[in-house]
Amino acid sequence: MIDARDSALAGIASDFPILGRPTSRGHRLVYLDSAATSQKPRSVIDALSTYYEEYNANIHRGVYEIAARATDAFELARAKIATFINARDSEVVFTRNTTEAINLVAYAWGNANVKAGDAILVSELEHHSNLVPWQMLAQRTGAELRFIPVDERGLLVLEDLDHLLDGCKLVAIGHASNALGTIAPLDVIIPRAHAAGALVLVDGAQGAPHFGLDVKTLDADFYAFSGHKMLGPTGIGVLYAKHVLLDAMPPFLTGGDMIHRVGYRHSTFNTPPWKFEAGTSNVADAIGLGVAVDYLSNIGMDVVRQHERDLTAYALARLEEFEGRGLDVYGPRDADRISGVISFNLGDIHAHDLASILDTEGICIRAGHHCAMPLMDKMGWAATARASFYLYNTQADVDALMDGLHAAARIFKI
Ligand SMILES: Cc1ncc(COP(=O)(O)O)c(C=O)c1O
């Protein structure tokens, strides 16, 4: 069994209370939608209630004991996240999620640095969150939006990269595609972008939860990710940015907590990261994300990645049972080139029907355009079914998915 091979992962599903609860139809919950949001371990859930029950107070202001404890816990969470990605504490800005982190860069850095005639380069694989903010920036400034093409296997085509980089101010690229799983060759793209004078933002929504991350080695200028996809609570995300960039950037949102001195007509601002954290922060969820990072660190991100890779390879192999029966698997069929995401369609069963049939067996998959409408339009896919794996999934979960697909194929006489 894939789950028992790594002692660090054997039986860890029991750390996740929701995975022990039967569905309303009495089935075991088979959760295969972690690319949308991950489940939460007991330690993260407990951290939230401990904060609210024992030391709920606003941070950075109060001098009393519980306010100091809340401030310390919040800043400790930042330090844990910084260590997790090998950044400095001052380079970790708390946001609501990946989307807000990308918008922060598009407004604060983009408005100050991008002008008419410049280019912004994204890829054809991007999630709407790493596309629409750049469309808006291009519209505000008159900059040109360019695209790294994707081929029919779902791989990025880098042949024209140097041409695409000519005159480019920023490359905004997903670490891994939520629609197809494709892992971007960041080790190629980032140095080439820098050599051409462009900065690089990585949309790490599908990266940070799955791969060991060292932002210094990666050398991305900005890296955005969401807590809820990596065992943490919803409503908390991170923008990593090189200190020198944060220092030079004007603030995004303004108001309380992000200031140094305020007069009636003029204000000066706090230093990074607080310059970018206006208003009362999401204290509880930041602390929860710190505990999620503890959980992942204790297991080891190399173990997480290996487990997901093995499960993906196993699922791809088992899907071959449907070969010749109208199975389409989208994206590279190579577990080394994808994160734990498999997008597919089975015969003429609509992806939503497939997801609904699987739901009756307690199996949760995603169906639709996966917030990548331009990619779906380009490829001519109306919708795909998507199964995505995380560290708590097991070979038995993949087997349950295959049983469910066989049942659906019988219903639709495929
Ligand atoms: C690749 C990618 N980028 C960005 C996002 C947006 O994340 P969030 O909704 O947490 O801001 C997602 C969410 O699915 C994603 O998969």
Side-chain angles (χ1 to χ4, degrees), residues 95 98-152 154-180 182-207 218-224 239-242 244-246 248-252 369-380:
T95 63
T98 304
T99 304
E100 189 178 274
I102 295 173
N103 274 277
L104 192 166
V105 177
Y107 279 92
W109 179 86
N111 286 0
N113 290 283
V114 175
K115 56 183 188 327
D118 291 338
I120 304 156
L121 180 61
V122 299
S123 90
E124 290 181 340
L125 277 176
E126 300 313 315
H127 186 283
H128 298 163
S129 290
N130 195 32
L131 174 58
V132 182
W134 309 119
Q135 292 174 344
M136 301 290 287
L137 176 62
Q139 283 166 23
R140 284 199 299 280
T141 58
E144 181 196 350
L145 195 55
R146 295 182 189 154
F147 296 88
I148 301 175
V150 59
D151 69 15
E152 66 289 347
L155 292 169
L156 294 177
V157 180
L158 299 184
E159 263 139 48
D160 279 337
L161 187 60
D162 289 331
H163 180 63
L164 288 167
L165 283 169
D166 189 27
C168 189
K169 273 280 172 68
L170 180 80
V171 179
I173 184 93
H175 199 157
S177 157
N178 66 304
L180 302 180
T182 313
I183 300 169
L186 296 179
D187 55 333
V188 177
I189 294 172
I190 293 175
R192 297 260 292 271
H194 285 160
L199 298 188
V200 180
L201 174 140
V202 177
D203 167 358
Q206 303 294 340
L218 190 68
D219 202 24
D221 301 284
F222 304 102
Y223 192 100
L239 172 68
Y240 156 81
K242 289 179 179 165
V244 59
L245 291 168
L246 288 178
M249 274 159 62
F252 173 38
H369 56 63
H370 315 296
C371 294
M373 276 190 200
L375 174 72
M376 306 292 283
D377 286 347
K378 175 187 157 112
M379 298 297 204

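Here the structure is a predicted model, which means the values were calculated and not measured.
Across all their heavy atoms, Cys168 and Leu170 have their closest contact at SG-O, 3.3 Å. The two residues His127 and Asp203 make their nearest non-hydrogen contact at CB-OD2, 4.3 Å. Contact detail for Phe222 and Ala241: the closest heavy-atom pair is CD2-CB, 3.5 Å. When all heavy atoms are compared, the tightest approach of Pro191 to Leu186 is CD-O, 3.7 Å. Taking every heavy atom of both residues into account, Ala108 and Pro250 meet most closely at CB-O, 3.3 Å. The minimum heavy-atom distance between Arg192 and Leu158, with the atom names listed, is NH2-O, 3.9 Å.
Under the 3.5 Å distance criterion, the side-chain polar atoms of His370 are left unmatched by any main-chain donor or acceptor of Asn178. No donor-acceptor distance shorter than 3.5 angstrom exists from the side chain of Asp160 to the backbone of Leu164, with no hydrogens or angles considered. The closest donor-acceptor contact from the side chain of Asp221 to the backbone of Leu201 lies at 3.5 Å or more, if one exists at all. Judged by distance alone, the side chain of Asp118 and the main-chain N or O of Lys115 form a donor-acceptor pair under 3.5 Å. Ser177 contributes no side-chain N or O that, together with a main-chain N or O of Thr182, makes up a donor-acceptor pair within less than 3.5 Å.
With contacts defined as side-chain heavy-atom distances shorter than 4.5 Å, the pair Trp134/Val114 does not qualify. Contact of the Phe147 side chain with the Glu126 side chain is not registered, since no non-hydrogen atoms from C-beta on lie closer than 4.5 Å. Proximity of Leu125 to Lys378: side-chain heavy atoms (C-beta onward) are nowhere separated by under 4.5 Å. Side-chain contact between His163 and Arg146: absent, with no pair of heavy atoms (C-beta onward) separated by less than 4.5 Å. Contact check for Glu124 versus Leu156: no side-chain heavy atoms found under the 4.5 Å cut-off. Met249 places a side-chain heavy atom less than 4.5 Å from the side chain of Leu104. Taking 4.5 Å as the limit, some side-chain heavy atom of Val202 sits within range of a side-chain heavy atom of Ile190. With a 4.5 Å cut-off on side-chain heavy atoms, Leu199 and Leu245 count as touching.
Atom OH of Tyr223 sits about 9.0 Å away from atom OG1 of Thr98, to the nearest 0.5 Å. If you take CG on Leu239 and CD1 on Ile102, they are separated by 9.0 Å, rounding to the nearest 0.5 Å. To the nearest 0.5 Å, atom NE2 of residue His128 and atom CG of residue Leu375 are 9.0 Å apart. In this structure, the separation between CG on Asn113 and NZ on Lys169 is 6.5 Å, given to the nearest 0.5 Å. In this structure, the separation between OG on Ser129 and CG on Leu131 is 9.5 Å, given to the nearest 0.5 Å.
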Worked check of side chain to side chain contact (heavy atoms under 4.5 Å, CB included) between Met379 and Val150: CA-CA 10 Å; Met379 298 297 204; Val150 59; 4.2 Å; yes

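Tyr107 and Phe252 have parallel rings, their planes meeting at less than 30° on a 0 to 90° scale where 60° marks the start of perpendicular.
The side chain to side chain contact (heavy atoms under 4.5 Å, CB included) test with Ile148 singles out one residue from Leu165, Val122, Leu161, and that residue is Leu161.
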